[in-house]
Amino acid sequence: MNVLIVEDDDGVGEALEQALGFHGFLTHRVCTGAEALERLTDTNLVLLDLGLPDLDGYEVCQRIRDRSCVPIIALSGRTKELDRVLVLHMGADDFIPKPFSRYELVARIGAVSRRARGCRQHGTGQFTPGRPAAQSPTTPTDLAPLPPSPPPTSPSSPPSPFPSPDQTFAPLAAEHRVEPHRSTGQAPLQVGPLRLEARTRKVFVHGEEIHVTRKEFDLLAMLMEAPGAVMGRQDIMSRVWDENWFGSTRTLDVHVGSLRSKLGSSEWIETVRGVGYRLTIPAAAHT
């Protein structure tokens, strides 16, 4: 199956190519809307980022739809309802807000492709990974109802281009997945006046409880495991969020900023430029 990735962010684009390649998809990546419009031939599905440097993503989506029935999945950090509705009206078949996991992405590609099976040019139900869809001759029989699909367990069933949960997801999760960080120990963590209780999932500063969100708690617990040690951004994202997280790590900065505010001082969490963060004790906390 040929997937055209329209994404100008090198980090996200390369991650998408790697993840889809692992699941048997053939990919080609372009960075602009103009390039995408020139690459529709032999493309079975388009992953379209809406924040492109040359053309607005909505316009690119509409132009693709005007000239092709290829399935389009829009990817964007824009999460407002109006953004989702607008791109669907422009011709997209689905919308995935960033960030997202590769498991959700592959599942949505499968769902969109199943709906596109009736299209002789872009239907994806009758070919194996790495092979283009077979072209059907244009005859009156093409308009006849499609025969029922054989049972999934039938030996004659064609290989599916999409990984099944039993064959791919479960073994991958067991062998490679880095689970989001959770504090499993029952002993409280104490750093100066900062105390974190894993059993009750509560945080205290100078004995006063600080109300934090689930992700803020997991982030703080990770930093408190090794006070003064630098935790890399990608390590934090993999442990606290998900190794299959696609999109900007800006969400980490937002959570750090929120924690600093709740702890009463920005000095609790120090930024190590270009690397990540580490937990320190503010001078005022000793008084």
Side-chain angles (χ1 to χ4, degrees), residues 1-17 19-20 23 25 27-125 133 161-162 215 237 241-242 244-255 258:
M1 180 179 188
N2 297 314
V3 178
L4 176 63
I5 300 172
V6 189
E7 172 62 69
D8 64 316
D9 186 304
D10 290 335
V12 176
E14 291 171 4
L16 285 170
E17 288 182 297
L20 293 180
H23 288 294
F25 297 97
T27 63
H28 182 85
R29 179 186 163 220
V30 297
C31 299
T32 66
E35 291 177 293
L37 295 172
E38 297 175 355
R39 291 286 310 187
L40 296 179
T41 305
D42 297 328
T43 293
N44 302 115
L45 185 138
V46 177
L47 294 180
L48 174 63
D49 177 62
L50 297 183
L52 299 175
D54 59 337
L55 299 173
D56 184 81
Y58 300 116
E59 180 181 354
V60 176
C61 182
Q62 186 175 35
R63 289 192 187 184
I64 292 176
R65 185 55 68 234
D66 287 343
R67 65 182 67 179
S68 173
C69 62
V70 61
I72 304 170
I73 298 180
L75 312 174
S76 177
R78 309 172 189 174
T79 57
K80 293 183 179 180
E81 180 182 15
L82 178 61
D83 296 315
R84 301 194 300 270
V85 171
L86 183 57
V87 73
L88 292 173
H89 277 303
M90 293 295 103
D93 298 274
D94 200 358
F95 178 95
I96 306 180
K98 292 180 180 179
F100 52 86
S101 77
R102 66 170 170 173
Y103 298 121
E104 178 184 6
L105 175 63
V106 172
R108 286 180 180 267
I109 289 176
V112 168
S113 298
R114 284 194 297 271
R115 296 197 295 269
R117 284 178 181 173
C119 173
R120 291 190 298 272
Q121 182 179 359
H122 301 102
T124 58
F162 308 105
K215 290 299 185 185
M237 294 300 299
W241 277 266
D242 192 323
N244 302 302
W245 187 272
F246 286 100
S248 171
T249 58
R250 173 61 179 165
T251 186
L252 172 57
D253 302 323
V254 172
H255 280 73
S258 177

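The basis for the numbers below is simple: all heavy atoms, side chains too, and nothing from hydrogens, waters or symmetry mates.
The shortest non-hydrogen separation linking Gly13 to Glu7 is N-CG, 3.7 Å.
Cys31 SG to Ile5 CD1: the interatomic distance, rounded to the nearest 0.5 Å, is 10.5 Å. Here the CG-CD1 distance, from Asn44 to Ile109, works out to 11.0 Å after rounding to the nearest 0.5 Å. Between the CD1 atom in Ile73 and the SG atom in Cys61 there is a gap of 11.5 Å [rounded to 0.5 Å]. Taking CG from Leu4 and CD1 from Ile64, the interatomic distance works out to 7.0 Å, rounded to the nearest 0.5 Å. Of the inter-residue distances, the one linking His23 atom NE2 with Leu20 atom CG reads 7.5 Å to the nearest 0.5 angstrom. Annotation: the span from Thr41 atom OG1 to Asn2 atom CG amounts to 11.0 Å, rounded to 0.5 Å.
Remark: of the listed residues Arg65, Arg114, Arg115, Arg65 is the sole one forming a salt bridge (Lys or Arg N to Asp or Glu O under 4.0 Å) with Asp93.
Put simply, the side chain of Leu105 reaches to within 4.5 Å of the side chain of Leu16, judged on heavy atoms.
Residues passing the side chain to side chain contact (heavy atoms under 4.5 Å, CB included) test with Glu81 are Arg84, Val85, sequence neighbours excluded. Checked against salt bridge (Lys or Arg N to Asp or Glu O under 4.0 Å), Asp10 has the following partners two or more places apart in sequence or in another chain: Arg29. Under the rule for a side-chain hydrogen bond (donor to acceptor under 3.5 Å, both in side chains), the partners of Glu104 that lie at least two apart in sequence or sit in another chain are Arg108. Among residues two or more places apart in sequence or in another chain, the salt bridge (Lys or Arg N to Asp or Glu O under 4.0 Å) test is passed with Arg39 by none. Scored by the side-chain hydrogen bond (donor to acceptor under 3.5 Å, both in side chains) test, Glu35 finds Thr32 as partners (sequence neighbours excluded).
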Show me the donor-acceptor pairs, under 3.5 Å and distance only, between side chains in residues 47-59 and residues at least two apart or in other chains.
residue	atom	partner	partner atom	Å
Asp49	OD1	Lys98	NZ	2.8
Asp49	OD2	Gly51	N	3.2
Asp54	OD1	Gly33	N	2.9
Asp54	OD2	Gly33	N	3.3
Asp54	OD2	Ala34	N	3.1
Asp56	OD2	Tyr58	N	2.9
Tyr58	OH	Arg78	NH1	3.4
Tyr58	OH	Asp83	OD1	3.0
Glu59	OE2	Arg63	NE	3.2
Glu59	OE2	Arg63	NH2	2.4

